[in-house]
Amino acid sequence: MSKHHAADTQVATPKRTKEIIAKHGFSFKKSLGQNFLIDQNILDKIVSAAQLDKTKGALEIGPGIGALTQKLADAAGVVTAVEIDNRLIPILGEVLEGLEHVEVVHGDVLKLNLKELIERRYKDVTGISVVANLPYYVTTPILMKLLEERLPLEHIVVMIQKEVAERMAAKPGGKTYGSLSVAVQYYCEPELVCTVPHTVFIPQPNVDSAVIKLSLRSKPPVEIEDEKLYFRVVQASFAQRRKTLANNLGAFVGKQNRDKLLELLTSCGIDPSRRGETLSLEEFARISEGLRQAGWLETT
């Protein structure tokens with residue numbers, strides 16, 4: 001351990017976090033969902049879930065004052081931290097001083113060209129993982145960007161709102177299973193690492209959190225010709241949770257095709273009176289493939 005990383009320089013303690021905030025006169029912006037983690041133990045769990053070593057790279061989103069960034073710097077060969085709040089840039093510069101393999105990028109991750117960033121920063125690594133304590137209000141858009149852009153990632157290990165983590169990992173048949181579960185599981189295998197009480201943050205959020213690990217699949221678990229149609233079918237199936245597939249998909253394909261839809265569902269081996277929340281990824285694939293082949297769905 002370098003002298004820079006002696007225990008007294010670790011950011012993630014209540015005392016040290018408060019000192020840094022006071023020294024820089026930092027005030028939390030509610031609009032940015034800023035909650036700084038003050039528990040070393042949880043940070044260690046996050047980092048170990050990402051399976052990093054010095055041949056690997058880590059991309060952090062929303063580093064705050066650098067508590068997790070310090071730990072990533074110890075574990076990975078290359079670290080990039082993307083921070084939207086310009087008031088935190090000088091603080092991060094100070095906390096991470098002397099760590100040559102760490103770069104802080106000031107910007108909004110939703111607007112950044114991540115492919116370019118990855119090409120620039122991670123040429124020589126054997127694998128890249130996103131590791132972050134994500135702001136709750138943009139969790140889903142950030143994760144969907146990472147997945148839909150098919151970035152060359154091994155794992156995404158993130159601390160998010162507990163309820164959202166449970167939805168991502170949910171299996172068919174329960175109340176928590178929905179279009180987010182299907183979207184995430186199409187790209188990854190999710191695993192809940194641990195739940196995190198709201199008491200280990202400054203300031204304390206109103207909800208509990210969880211760490212989820214998403215391991216990227218080399219290929220989707222189902223074979224489909226038209227990905228866009230697949231996700232439109234999934235969205236439509238959950239449009240009104242209490243309604244059956246016959247009703248939700250009936251509205252999606254239009255009244256004139258309703259009878260044909262019922263036949264199509266039955267021929268796919270799916271009872272039209274089922275609800276979207278009971279369907280597996282494979283069953284959604286059968287429906288979307290059936291609709292694609294039928295060709296009577298107006299493509300938009």
Side-chain angles (χ1 to χ4, degrees), residues 109-111 113-116 118 130 138-156 164 167-174 176-190 212 214-300:
V109 74
L110 289 173
K111 296 187 180 133
N113 182 335
L114 292 178
K115 284 200 167 93
E116 243 172 48
I118 285 172
V130 168
V138 284
T139 295
T140 305
I142 289 174
L143 285 174
M144 291 322 292
K145 172 175 167 136
L146 296 174
L147 298 174
E148 285 166 358
E149 292 188 3
R150 289 203 156 80
L151 300 169
L153 303 172
E154 281 189 307
H155 307 292
I156 298 174
V164 179
R167 280 181 17 221
M168 289 179 179
K171 295 280 174 265
T176 46
Y177 181 75
S179 51
L180 182 63
S181 326
V182 176
V184 166
Q185 290 166 38
Y186 179 80
Y187 295 105
C188 326
E189 290 182 57
I212 193 167
L214 306 173
S215 300
L216 278 288
R217 298 180 188 273
S218 52
K219 65 183 210 322
V222 289
E223 279 189 36
I224 41 181
E225 289 290 325
D226 186 341
E227 218 167 74
K228 216 167 169 188
L229 176 61
Y230 179 75
F231 286 115
R232 284 174 63 210
V233 167
V234 171
Q235 291 282 329
S237 302
F238 288 104
Q240 291 179 294
R241 286 194 76 95
R242 310 290 308 151
K243 289 197 165 177
T244 62
L245 284 174
N247 284 331
N248 273 335
L249 289 176
F252 175 63
V253 300
K255 283 197 184 73
Q256 71 284 11
N257 292 319
R258 195 183 154 90
D259 291 343
K260 288 195 280 189
L261 170 75
L262 299 181
E263 275 171 39
L264 183 122
L265 288 171
T266 312
S267 73
C268 291
I270 293 161
D271 181 344
S273 67
R274 285 171 64 185
R275 291 193 184 142
E277 67 198 46
T278 67
L279 266 64
S280 66
L281 273 70
E282 199 272 324
E283 288 173 312
F284 282 121
R286 266 188 265 159
I287 296 172
S288 72
E289 203 42 28
L291 285 173
R292 186 187 68 80
Q293 286 171 6
W296 33 261
L297 194 64
E298 284 179 26
T299 47
T300 48

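In this text the structure is predicted, and so the values were computed from the model without any measurement.
Counting heavy atoms from C-beta on, the side chains of Val138 and Val109 never come closer than 4.5 Å. Contact annotation: the side chain of Gln185 approaches that of Pro190 to within less than 4.5 Å [non-hydrogen atoms, C-beta and beyond]. Residues Arg292 and Tyr230 have side chains not in contact (no heavy-atom distance under 4.5 Å, counting atoms from C-beta outward). Residues Pro172 and Leu279 are not in side-chain contact: their nearest non-hydrogen atoms beyond the backbone lie 4.5 Å or more apart. Here the side chains of Tyr177 and Thr278 are not in contact, with every heavy-atom distance at 4.5 Å or above. Taking 4.5 Å as the limit, some side-chain heavy atom of Arg232 sits within range of a side-chain heavy atom of Phe252. Taking 4.5 Å as the limit, some side-chain heavy atom of Leu180 sits within range of a side-chain heavy atom of Val164. Side-chain atoms of Leu110 and Ile142, non-hydrogen and from C-beta on, do get closer than 4.5 Å to each other.
More than 12 heavy atoms of other residues, nucleotides or ligands lie within 6.0 Å of CD in Gln293, so this atom counts as buried by the packing criterion.
In terms of heavy-atom proximity, Leu261 sits nearest to Gly250 at CD2-N, 3.5 Å. Minimum interatomic distance between Asp271 and Leu245 (heavy atoms only, all atoms of both residues): O-CD1, 4.3 Å. Summarising the geometry of Pro272 relative to Thr244, their closest heavy-atom pair is O-CB, 3.6 Å, with the distance given to 0.1 Å. Residues Ile224 and Ala285 share a closest heavy-atom pair of CG2-CB, 3.8 Å.
Distance check, rounded to the nearest 0.5 Å: CG of Leu146 to CG of Leu114 gives 6.5 Å. If you take NZ on Lys171 and OG on Ser280, they are separated by 11.5 Å, rounding to the nearest 0.5 Å. From Ser237, atom OG reaches atom CG of Asn247 across 12.0 Å, with rounding to the nearest 0.5 Å. The structure places CE of Met168 at 7.0 Å from OG1 of Thr139, a figure rounded to the nearest 0.5 Å. Rounded to the nearest 0.5 Å, atoms CD (Glu149) and CD1 (Ile118) are 9.0 Å apart. Going from atom CD of Glu225 over to atom CD of Glu223 covers 8.5 Å, rounded to the nearest 0.5 Å.
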Derivation and outcome, side chain to side chain contact (heavy atoms under 4.5 Å, CB included), residues Leu249 and Leu265: CA-CA 10 Å; Leu249 289 176; Leu265 288 171; 4.2 Å; yes

For the pair Val184 and Leu143, evaluate side chain to side chain contact (heavy atoms under 4.5 Å, CB included) and give the outcome as yes or no after the intermediate values. CA-CA 9 Å; Val184 166; Leu143 285 174; 5.8 Å; no

Step by step, work out the side chain to side chain contact (heavy atoms under 4.5 Å, CB included) result for Leu216 and Leu147. CA-CA 8 Å; Leu216 278 288; Leu147 298 174; 3.7 Å; yes

Could you walk me through whether Ser288 and Asp226 pass the side chain to side chain contact (heavy atoms under 4.5 Å, CB included) check? CA-CA 8 Å; Ser288 72; Asp226 186 341; over 6 Å; no

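In this structure, the ring pair (Phe, Tyr, Trp, His ring centres under 6.0 Å) partners of Phe231, at least two apart in sequence or on a different chain, are Tyr186.
Counting only residues at least two apart or in different chains, salt bridge (Lys or Arg N to Asp or Glu O under 4.0 Å) contacts with residues 237-266 comprise Arg241-Glu277. Residue pairs meeting the ring pair (Phe, Tyr, Trp, His ring centres under 6.0 Å) criterion with at least one member in residues 272-293, sequence neighbours excluded, are Phe238-Phe284.
If you run side-chain hydrogen bond (donor to acceptor under 3.5 Å, both in side chains) between Ser215 and each of Glu189, Glu154, His155, only His155 comes through.
In summary, Glu289 and Arg286 do not engage in a salt bridge, as defined by a charged side-chain N under 4.0 Å from a carboxylate O.
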